[in-house]
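Please read the structure below before turning to the comments.
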Protein chains: 2
Amino acid sequence: MSETSQRPTSRKGEIRTEILSRITRGDWPPGARVSSEHELMAQFGVSRMTAHAALAELAREGVLRRVKGLGSFVAPPLAHLTVMNVGDPAEEIAARGALHRAEVILAAERPATAAEALVFRLSEGASLFHLVIRHFENDAPVVLEDRLVNPKAAPDFLNQDFSRQTAFAYLMALAPYPQGRHIIRATEATERLRALLHLQPNEPCLEIERTTWTATCVVTQVRLSHPGQRFALIGAIEPR
Amino acid sequence: MSETSQRPTSRKGEIRTEILSRITRGDWPPGARVSSEHELMAQFGVSRMTAHAALAELAREGVLRRVKGLGSFVAPPLAHLTVMNVGDPAEEIAARGALHRAEVILAAERPATAAEALVFRLSEGASLFHLVIRHFENDAPVVLEDRLVNPKAAPDFLNQDFSRQTAFAYLMALAPYPQGRHIIRATEATERLRALLHLQPNEPCLEIERTTWTATCVVTQVRLSHPGQRFALIGAIEPR
DNA sequence: AAGTGGTCTAGACCACTCA
DNA sequence: GAGTGGTCTAGACCACTTC
C-alpha cells in the first residue's frame, strides 16, 4: 500500500502498481482473474521470478488470492484491518514529549484464584505475582496497570525496580516475540479507579486487557485502565 | 509467526525456523547480527535466492532489520502490534451467529460545517451526505452508526436501501482498498445515545471513529457508538 | 578491496486444476 | 495435456558499508 501514487523503482514495483491501479480503477473488480505469471513475463519483459515476486507480494498483503493450477484473483475487500501499536507506557508517554513517572502501588506474591489459574494453565492456589502500578504523564495519572505474572516465566520479577524499568520492558526482554490477545472495553470506573486516576464524575475508563504467552507458558495478563476523557487509541487502517 | 513449532516444508522454511528458534532461545538477543546470506548458503546448501528469501521474509515480519553493506540484525521487540479486524457490522453480527437488523434514522444531504469541511478537504458549506443507522443484534441495539459521506466519492449514496446492504459494503464496493485512520475512545453517553442504545444508568460508550480515503479524495467518516457493557473489541497480538 | 543486501535472469521440477 | 502457481538453482550487476 502507500505505493499507489509513487513511481516504482524496480521492475517488481512497476508490475505491482500497474496491477493495483487496474484494481482501484475498477478494471479488475473483486473476484476477477488478474494476469498470470507468464502473461506478465510477456507484457513487462521480465523473468518469471520477477513476475512471481510481484504477484506473491500482493497476495501476502491480501490484495490477491492465488490458487495453484487456477490463477490469481482479486481478493474481496470486505474487511478493514486495523493495526495499532501497543507498547511500553513509558515509551509512549516519552514519544509524546511528556515526562513519565511510575508509582508502585502493590508488588506481591499470592495464590491464584480459580479463574486466574485457568488463564495461566496452573492449578488453583499456585503462586502468582501481582503488580499494580500507576503511570503519570507530566504528573497527571494516565494509566493504572494491574498485572499478573507467571513465576515460572519470570521468577525474579518482584525484585525489579519498576520505577526505573517498566514491567513491560522487563518481560519483553525475558520473553521476546510473544503471542497474545487483547480486549478493549469501555467501563464504568470503580471508586478506587476514580480516585487513583483523578477521574471526573461519570468519566468512564478505556480498558485494555492483554494476555501474552510463549510456546511454553502464559507469561502475563495485564489490565490497563485509562481515563476516558484524556486518552484514545489511534491506529492506521490497512486493506485486506 | 505461528510457525515456531511446526516442521518446515520448504528449504526457506527450514532456514526461517532455525533463525527464529535461535532468537527465541536467546542465542541471538535483540540487536545481534544473524548469519549473512552467504553464510546461510554454506550452512544449508541452498542458493543465494533462497537464503535471501528467508531473511527477507523475517525482515518483512519485523523480526529482522537488514542494512545494505552491513548485515541482518535481530529487531528490538519493544512494541506489540495489535491487529484487529474491523468490518461490516452486519457481517460481524452474523459471524457471531446472531440476527442483524438495521434501522435508518436519518439519511439526508446538508452543508458541511467548518470542521467537517476540513476533514473532507472541501470548502465550507459544500454538500455532504449524513446517515444515521441503528444496528440490532437479536433485537438489542448494539451500534449507532453516524456517517458522513463525500458526494464526490459516492454521488448515488442516498438512493441506497440501507436495510438491505450496509453503507460499509456499498462504499467498499465503490472504493475498495482505502487507506484510513481510526480513533477508539471511551465516552460518557449523551441522552440521545442512552435512549437509542438502551443504555443502563452510567453505562459508558465505546466509540470508534474511522476516516477513510482513497488516492483522490476523503470518502467517509463514521462514528460507531457501542454500549460499553455489551461490547468489546478483541484482537490478536503479533510481535514486531 | 571485501563483504553485505537488493534485484534480476533464464532456466528447472513439482503439484495442482481444468477440459 | 496445457496452463497455473510454489519452489529452487547458479549465476549476474548494483549500491552500500567498513577497513
Side-chain angles (χ1 to χ4, degrees), chain A residues 1-3 6-20 22-23 27-28 30-76 240, chain B residues 1-3 6-20 22-23 27-28 30-76 240:
Chain A
M1 313 304 80
S2 76
E3 202 163 323
Q6 281 178 20
R7 60 182 168 345
T9 176
S10 63
R11 311 288 282 122
K12 186 177 80 173
E14 275 178 46
I15 301 175
R16 244 188 79 92
T17 50
E18 172 61 20
I19 293 176
L20 276 176
R22 285 202 207 177
I23 292 177
D27 294 359
W28 285 331
R33 186 176 171 285
V34 311
S35 305
S36 73
E37 297 183 355
H38 278 97
E39 286 164 351
L40 291 175
M41 287 171 67
Q43 288 170 29
F44 289 85
V46 296
S47 72
R48 206 193 132 206
M49 277 296 278
T50 304
H52 174 80
L55 291 173
E57 187 169 289
L58 289 169
R60 242 188 343 260
E61 293 169 4
V63 176
L64 299 181
R65 203 170 288 174
R66 314 196 71 195
V67 185
K68 204 188 295 192
L70 252 181
S72 304
F73 305 86
V74 180
R240 170 164 276 185
Chain B
M1 309 307 77
S2 78
E3 200 161 329
Q6 279 177 19
R7 56 180 172 347
T9 176
S10 63
R11 312 288 281 123
K12 187 178 79 173
E14 276 179 45
I15 301 175
R16 244 186 78 92
T17 50
E18 172 61 20
I19 292 176
L20 276 176
R22 284 203 208 176
I23 292 176
D27 295 358
W28 286 329
R33 187 177 171 284
V34 312
S35 305
S36 71
E37 297 184 355
H38 278 97
E39 286 164 351
L40 292 176
M41 288 171 66
Q43 287 170 29
F44 289 86
V46 297
S47 73
R48 208 194 129 204
M49 278 297 278
T50 303
H52 174 79
L55 291 173
E57 186 169 292
L58 289 169
R60 246 191 337 264
E61 292 169 3
V63 176
L64 300 181
R65 203 169 287 175
R66 313 195 72 193
V67 185
K68 203 188 295 191
L70 253 181
S72 305
F73 305 86
V74 180
R240 171 164 273 185

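No experiment lies behind these values; they were computed from the predicted model shown.
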message: Looking only at the side chain of Arg66(A) (C-beta and beyond, no hydrogens), which of the listed nucleotides dT9(D), dG5(D), dT9(C) gets closest?
response: dG5(D)
- prompt: Can you tell me how far the CE atom of Met49(A) sits from the CZ atom of Arg11(A), to the nearest 0.5 Å?
  reply: 15.5 Å
Short side-chain N/O contact from Ser10(B) to OP1 or OP2 of dG6(D), under 4.0 Å: no
field: From dT9(C), dC8(D), dG5(C), nucleotide with atom closest to Lys12(B) side chain
entry: dC8(D)
field: Straight-line distance of Leu55(B) CG to Ile19(B) CD1, nearest 0.5 Å
entry: 4.5 Å
- request: Measure the shortest side-chain to side-chain distance between Arg65(B) and Pro76(B) over non-hydrogen atoms and say whether it is less than 4.5 angstrom.
  value: yes
- prompt: Hey, does the side chain of Ser47(B) come within less than 4.0 Å of dG11(D)'s phosphate (OP1/OP2), counting only N and O?
  reply: no
- prompt: Roughly, in whole Å, what's the span from CE in Met41(B) to C1' in dT9(D)?
  reply: 10 Å
- request: Look up atom CD1 in Ile15(B) and atom CE in Met41(B), then write down how far apart they are to the nearest 0.5 Å.
  value: 10.5 Å
task: Give a yes/no on whether any side-chain N or O of His52(A) is located under 4.0 angstrom from OP1 or OP2 of dT7(D).
output: no
message: Can you see if the side chain of Ser72(B) gets near the phosphate of dT4(C) - specifically, an N or O under 4.0 Å from OP1 or OP2?
response: no
query: Hey, does Arg65(A) reach any base, or is it just sugar-phosphate, or nothing, if we go heavy atoms under 4.0 Å?
result: nothing
message: Looking only at the side chain of Arg48(B) (C-beta and beyond, no hydrogens), which of the listed nucleotides dG6(D), dA12(D), dT9(C) gets closest?
response: dA12(D)
query: When the distance from CG of Leu55(B) to P of dT7(C) is rounded to whole Å, what number comes out?
result: 14 Å
query: Among dT7(D), dT9(D), dT4(D), which is the nearest nucleotide to the side chain of Ser36(A)?
result: dT4(D)
message: Rounded at 0.5 Å granularity, tell me how far CH2 in Trp28(A) sits from OG in Ser72(A).
response: 9.5 Å
task: Just compare dT7(C), dT9(D), dC18(C) and give me whichever is closest to any side-chain atom of Leu70(A).
output: dC18(C)
- line: note: Glu37(A), atom CD; dT7(D), atom C1'; distance rounded to Å ~ 11 Å
query: Angle, rounded to 10°, between the helical axes spanning five pairs at each terminus of the helix from dA1(C)-dT18(D) to dC18(C)-dG1(D)?
result: 0°
query: Within a radius of less than 6.0 Å around CZ of Arg22(A), do more than 12 heavy atoms belonging to other residues, nucleotides or ligands occur?
result: yes
task: Figure out the CE/C1' separation between Met49(B) and dA12(C), and round it to whole Å.
output: 14 Å
Separation of dC16(D) C1' from Lys68(B) NZ (nearest whole Å): 6 Å
query: Do Glu57(B) and Arg60(A) come within less than 4.5 Å of each other through their side chains, counting heavy atoms only?
result: no
- prompt: Between Gly45(A) and Gly71(B), which is nearer to the 5' end of DNA chain C once each is assigned its nearest nucleotide?
  reply: Gly71(B)
